Amino acid sequence: MATLKELSNKEILISSGHRACAGCGFPIIIKQALLAAENPVVVACATGCMEVCTTIYPYTAWKVPFIHNAFENSASTLSGVEAAYKSLSRQGKLDKKIDFIAFGGDGGTYDIGFQALSGAMERGHNMLYICYDNQAYMNTGIQRSSATPRGANTTTSPAGTESYGKKQYRKDLSAVMVAHEIPYVAQASPSNWNDLVTKVKKALAVEGPAFMNIIQPCVLGWKYPSDQSIELAKLAVDTCFWPLYEVEEGEYKLTYRPKEKKPVEDWLKRQGRFRHLFKPENAEILKEIQEDIDTRWARLLAKCGEEA
Amino acid sequence: MSVPKDAGWKDVPKAGRILEPGSAAKYETGGWRTYRPVHIPENCINCLFCWIYCPDQAILVEDGKFKGIDYAYCKGCGICATECPGKRGNKALKMILDEEA
């Protein structure tokens with residue numbers, strides 16, 4: 001367990017001057033994740049807000065080698081880099097320990113980059129894939145993705161007189177990654193920095209592929225004041241919408257249990273994208289969303305061997 | 001960026017490579033700001049929450065202690081002031097209108 005005092009002695013490997021919105025969540029995720037690394041890191045990134053905002057030509061905010069290829073293939077691009085590293089090490093041309101981290105948004109991970117991610121995990125590359133999940137295609141103007149929660153208003157699932165927003169529940173990608181039977185899968189949140197840093201350390205230490213799903217509040221897409229990013233990440237955790245757990249070699253472990261499980265409304269009502277759910281005609285939807293979270297939470301507790 | 005403005009295509013690195021790490025720091029984002037955080041030292045307990053949560057590396061820390069705010073980059077999001085626990089409920093960071101600073 002690191003303290004902030006200790007961490008603050010390390011160099012932050014993402015610079016100021018990137019063009020992410022004021023209050024954006026992903027620069028916080030990059031900072032915390034890279035602070036956890038003890039070896040030199042090579043980063044690959046899928047197309048998305050993170051790639052666009054941090055690498056506006058001729059500038060880069062990254063202080064680590066960084067490669068962007070296309071939207072769908074950050075996992076396969078990095079598996080190539082990792083394979084080349086293994087080859088050079090075998091030939092005796094490199095004797096440095098290097099960590100590999102791929103970043104992708106929920107669009108580039110849950111949807112477009114899913115096949116590349118699944119392939120890289122199956123092939124067993126020694127890398128960590130981090131999904132920064134802001135729950136829609138925020139970079140192109142808030143289109144729904146398979147990570148968008150039910151009831152959210154997006155430009156392709158607009159709420160209005162005919163619709164209450166997205167009809168489907170979000171895909172549980174972390175569970176899908178657990179099904180790949182890779183050595184390490186975890187869910188984290190930038191609000192719980194210590195938990196996040198510890199998990200990245202673990203993920204980089206394991207031999208073989210690791211996957212982390214990190215929630216990322218988006219000021220523009222979730223529609224809230226810019227100072228609320230960490231508060232909303234915290235509420236997502238405390239309402240059990242985004243439980244913090246890890247799965248090591250198939251063993252589930254809850255890494256943080258809220259003292260009091262808050263109703264999901266506490267999280268929803270602070271975001272403009274869910275505002276319409278609080279109209280009387282959508283009361284039933286709100287109830288269903290809570291029931292869904294309760295079911296998933298109970299299931300997770302059982303898997304983690306925790307008391308209900 | 002080390003390439004001068006009148007450089008020809010042969011002078012520009014191939015494949016869109018950017019050779020200088022962290023060069024984005026040459027681009028100052030402080031002008032985006034409407035509100036600015038102000039530090040009140042007597043309420044600061046040096047918990048460094050502002051530092052770990054700042055998206056723009058605008059909180060400066062030295063020897064594990066709060067040192068200052070880099071207004072060249074601070075976009076004024078207000079996360080630092082919201083997350084600041086302060087001393088006995090009195091926050092060490094508060095937001096004021098930038099033009100009033």
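We name chains A, B, ... by the order of the sequence lines, and we start the count at 1 in each one. Note that the coordinates shown come from a computational prediction; the quantities given were computed from them, not determined experimentally.
Scanning for side-chain contact (heavy atoms from CB on, under 4.5 Å) contacts around Ile112(A) gives Phe71(A), Glu72(A), Tyr137(A), with sequence neighbours left out.
In this structure the side chain of Pro55(B) reaches within 4.5 angstrom of the side chain of Ile28(A), judged on heavy atoms.
Note on residues 43-54 of chain B: no pairs pass side chain to side chain donor-acceptor pair (under 3.5 Å), not counting sequence neighbours.
Heavy-atom distances place no part of Cys74(B) under 4.5 Å from chain A, backbone and side chain included. Looking at Glu83(B), the atoms closer than 4.5 Å to chain A (heavy atoms on both sides) all sit in the side chain, from C-beta outward. At a 4.5 Å heavy-atom cutoff, Tyr35(B) makes no contact with chain A through either its backbone or its side chain. When heavy atoms are compared at a cutoff of 4.5 Å, Asp63(B) approaches chain A solely by way of its backbone atoms N, CA, C and O.
Chain A is approached within less than 4.5 Å, heavy atom to heavy atom, by no residue from residues 86-101 of chain B. The interface of residues 216-234 of chain A with chain B, defined by heavy-atom distances below 4.5 Å, comprises Ser226(A), Asp227(A), Gln228(A), Ser229(A), Ile230(A), Glu231(A), Lys234(A).
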query: Step by step, would you call Ile52(B) with Leu35(A) a side chain to side chain contact (heavy atoms under 4.5 Å, CB included)?
result: CA-CA 10 Å; Ile52(B) 194 75; Leu35(A) 278 171; 4.0 Å; yes

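For the atom pair NZ (Lys63(A)) and OG (Ser23(B)), the distance works out to 10.5 Å, reported to the nearest 0.5 Å.
In plain terms, the two heavy atoms of Ser8(A) and Gly64(B) that are nearest each other are OG-CA, 3.7 Å.
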